[in-house]
Amino acid sequence: MPEPAPFVEARDLARYFDVSRPVLQRLFSGEGRRILRAVDGVSFTIPKGTTLSLVGESGCGKSTVARLIVGLYPPTAGRVLFDGQDLRQARAAASQRRRMQMIFQDPYASLNPRWRVEDIVAEPIRAFGLEKDAAGVRDRVGALLTQVGLAPQDGAKFPHEFSGGQRQRISIARALSSSPEFLVCDEPTSALDVSVQAQILNLMMDLQRRLGLTYLFISHNLAVVRQVSDTIGVMYLGRLVEVSPAETLFQAPQHPYTRALMEAIPDMAMAGHARAPVGGEVPSPIDPPTGCAFHPRCPLANTRCKVERPELLVAGGAMVACHAVQEGRATSMPEAA
Amino acid sequence: MSPILEVRDLRVEFPTRRGTLVALDGVSFSIAPGEVLGVVGESGAGKSMTGAAIIGLLEPPGRIAGGQILLQGKRIDNLRYDQMRRIRGREIGAIFQDPLTTLNPLYTVGDQLIETMLTHLPISPAVAKRRAVEWLEMVGIPAAAQRVQSYPHEFSGGMRQRVVIALALCAEPKLIVADEPTTALDVSIQAQVIALLKRLAREKGTAMMLVTHDMGVIAETADRVAVMYAGRIAEIGPVREVVKNPQHPYTAGLMASIPPLDRRVERLAQIDGAMPRLSAIPQGCAYNPRCPRVFSRCAVERPELLDAGTTLAACWLHAKAMTDA
Ligand SMILES: Nc1ncnc2c1ncn2[C@@H]1O[C@H](COP(=O)(O)OP(=O)(O)OP(=O)(O)O)[C@@H](O)[C@H]1O
Ligand SMILES: Nc1ncnc2c1ncn2[C@@H]1O[C@H](COP(=O)(O)OP(=O)(O)O)[C@@H](O)[C@H]1O
Ligand code: SF4
Ligand code: SF4
Ligand SMILES: [Mg+2]
Ligand SMILES: [Mg+2]
């Protein structure tokens, strides 16, 4: 089966942050520069109309990837291709820029509290000059609000008059207003209650089916990710450690970190039973462990793991960065989920 | 065994310019020694308010307008502020969502533990010092003997939350009120903290009220669960029954909306609409505008908690028929 042409592609993306102390302080203490490698050599492709999700612990670089992909950060190295075009060129033209939008985690912080909902939703329409006159804008805003399950009259209200779930609907209406083809959704339901989360996830999946949208979806909730993804990338300390078709990942997780993550999920079916915690702490991305960054927490780590960083290689219908998997000695891990 | 905590018909009001808001109404439950009661519900349902009323930290102008709160049989809802402050810390330990607000950045974690123990326990400074290290070990801080000298900012989020737990437990309280103690943590760290809390509650016979909106955390930690909706308890019962066999339509809707981990579904079950605001709670059963099983009685009369077999549910579906033989 031929690979479908990628709509969005990340090639060896990296983003470093300089978190050094001020020069004078460094001179006195004799300490060097401190570089935080938030994202380091991440590659993936997203075919049109599909969803790629990124999962991983806090601080592993998910949001940084999201920001690189929509051009909110310039990459330190590597490149992003959008519909075959380099992102920098794509973002130079408004006609291309409007094809991608982002939805953020916090529906409270991401809406301007002083603006009426209709102005919030209309902003991209106006910025990109997508309607000729005020009546056109009004009709389009009304249709968008209806599309996300609100009423056109809600446009006259302010964000604080809405619940968290309704505010996230407003963010989605705003993101859809420039008729984008690609949406980057960074933890779109993490601030919401489960009952509201179900409403928003259903809405996002309906919109994808109806409008053929392509999603980069970020979440730390694996059950949510299972519902929405075609492909899943597991990140650890700025790198992808496993990239796999969604069902394959859940049925046969391969990387020891992926397995540990799955073990750590509270299981509703196991009411009254304890789960197995991933031991140890997430190490610092300023001073990551040598070799495989997961080795201090990995039950399968050996001396090779401490010195040689594993590449992301094909294994069992997925891509995995692990020596034990490549050497065929990862089978002794307890079965996950 | 007589309960550690008993809450009877608790009512909390907020006087506002536009009239009095009833934030909690008719809330009753108890927690036995060594038992974990989970409290779940949508944001704004009244979970934190219930915890705040118990520890005597309701934000003014909120006030307890009715009912009683008993700790080991003695009323604590009518105590003066200074009396209540002594009980907090000594007999009730509180754990909140954000570890940084509980820890003092200017003191080492060891000094904070020692200070707390000396305030509440009849022990010498030398003993307190030794126990501080033991507590850090108990909550799983590696190299505790050295880390006892560290300041809070030198710890990661998960470690700080474990220090907060040690602080809440070190005076050996009878009751722990934990409000979203793991919400700010990663799933991986969450599991460690939850396992720890549960083990310590068991070992010390401490009663625990665990507030969270994370059903997964409840499922694995709680013995019993109270489901709150619009300031009342909609259902309360053993965790397995509430999760697997809910008797209140709201609980059923809530459980169904949790995305399953073991399979992909075409569409998630959802409850349409939203929880009402305090100023606009519907007549009769507060859930009636959203309830798929609503019938005539629901819009007029408000249901109390009724015997629903395995659990108690505030729902007219469980009213005994008039002709019950
Ligand atoms: N502007 C910045 N300056 C310095 N460091 C940054 C900056 N933005 C992110 N970082 C660091 O980069 C790393 C990755 O951050 P990122 O926000 O991408 O994590 P994340 O995976 O989205 O985490 P979370 O699940 O908590 O949202 C973290 O260590 C973070 O502290
Ligand atoms: N200071 C206050 N004044 C008026 N209403 C309040 C105040 N604080 C909380 N409330 C209301 O009380 C209800 C219960 O709040 P809370 O206990 O914080 O909910 P939960 O913890 O379940 O999310 C909510 O409707 C909330 O808006
Ligand atoms: S490379 Fe080694 S340390 Fe890294 S995940 Fe694989 S076995 Fe563990
Ligand atoms: S009392 Fe009526 S409206 Fe309320 S939950 Fe029961 S059936 Fe539904
Ligand atoms: Mg993030
Ligand atoms: Mg709360």
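No experiment lies behind these values; they were computed from the predicted model shown. Chain letters run A, B, ... following the sequence lines, proteins first and then strands; every chain starts at 1.
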Colleague: Do you know which of A/L222, A/V224, A/L201, A/N202 has the most heavy-atom pairs with chain B at a distance under 4.5 angstrom?
Modeller: A/N202
Colleague: Should the pair A/D206-B/R267 be classified as a salt bridge under the 4.0 Å nitrogen-to-oxygen rule?
Modeller: yes
Colleague: Give a yes or no on whether B/E203 atom CD has more than 12 heavy-atom contacts from other residues, nucleotides or ligands under 6.0 Å away.
Modeller: yes
Colleague: How long is the straight-line distance from CG of B/L268 back to CD1 of A/I200, given to the nearest 0.5 Å?
Modeller: 12.0 Å
Colleague: With heavy-atom distances below 4.5 Å as the criterion, would you say the side chains of A/F250 and B/L261 are in contact?
Modeller: yes
Colleague: With a 4.0 Å cut-off on N to O distance, would you call B/R277 and A/E161 a salt bridge?
Modeller: no
Colleague: Give a yes or no on whether the backbone of B/I271 and the side-chain of A/Q199 come within a donor-acceptor separation of less than 3.5 Å.
Modeller: yes
Colleague: Counting only N and O atoms by type, is there a donor-acceptor contact under 3.5 Å from the side chain of A/Q227 to the main-chain atoms of B/R263?
Modeller: yes
Colleague: Within a radius of less than 6.0 Å around CZ of A/R209, do more than 12 heavy atoms belonging to other residues, nucleotides or ligands occur?
Modeller: yes
Colleague: If I measure from the heavy atoms of chain B, does A/V225 come under 4.5 Å with its side chain, its backbone, both, or neither?
Modeller: neither
Colleague: Below 4.5 Å from any heavy atom of chain A, which atoms of B/A256 appear? Answer side chain, backbone, both or neither.
Modeller: neither
Colleague: Which bit of A/E247 is near chain B, if near means a heavy-atom gap under 4.5 Å: side chain, backbone, both or neither?
Modeller: side chain
Colleague: Closest approach of A/Q197 and B/P259, non-hydrogen atoms and distance?
Modeller: NE2-CG, 3.4 Å
Colleague: In this structure, are over 12 heavy atoms from other groups packed under 6.0 Å from B/R202 atom CZ?
Modeller: yes
Colleague: Taking all heavy atoms of A/S195 and all of B/E42, pick out the closest pair and write down the distance.
Modeller: OG-CD, 3.3 Å
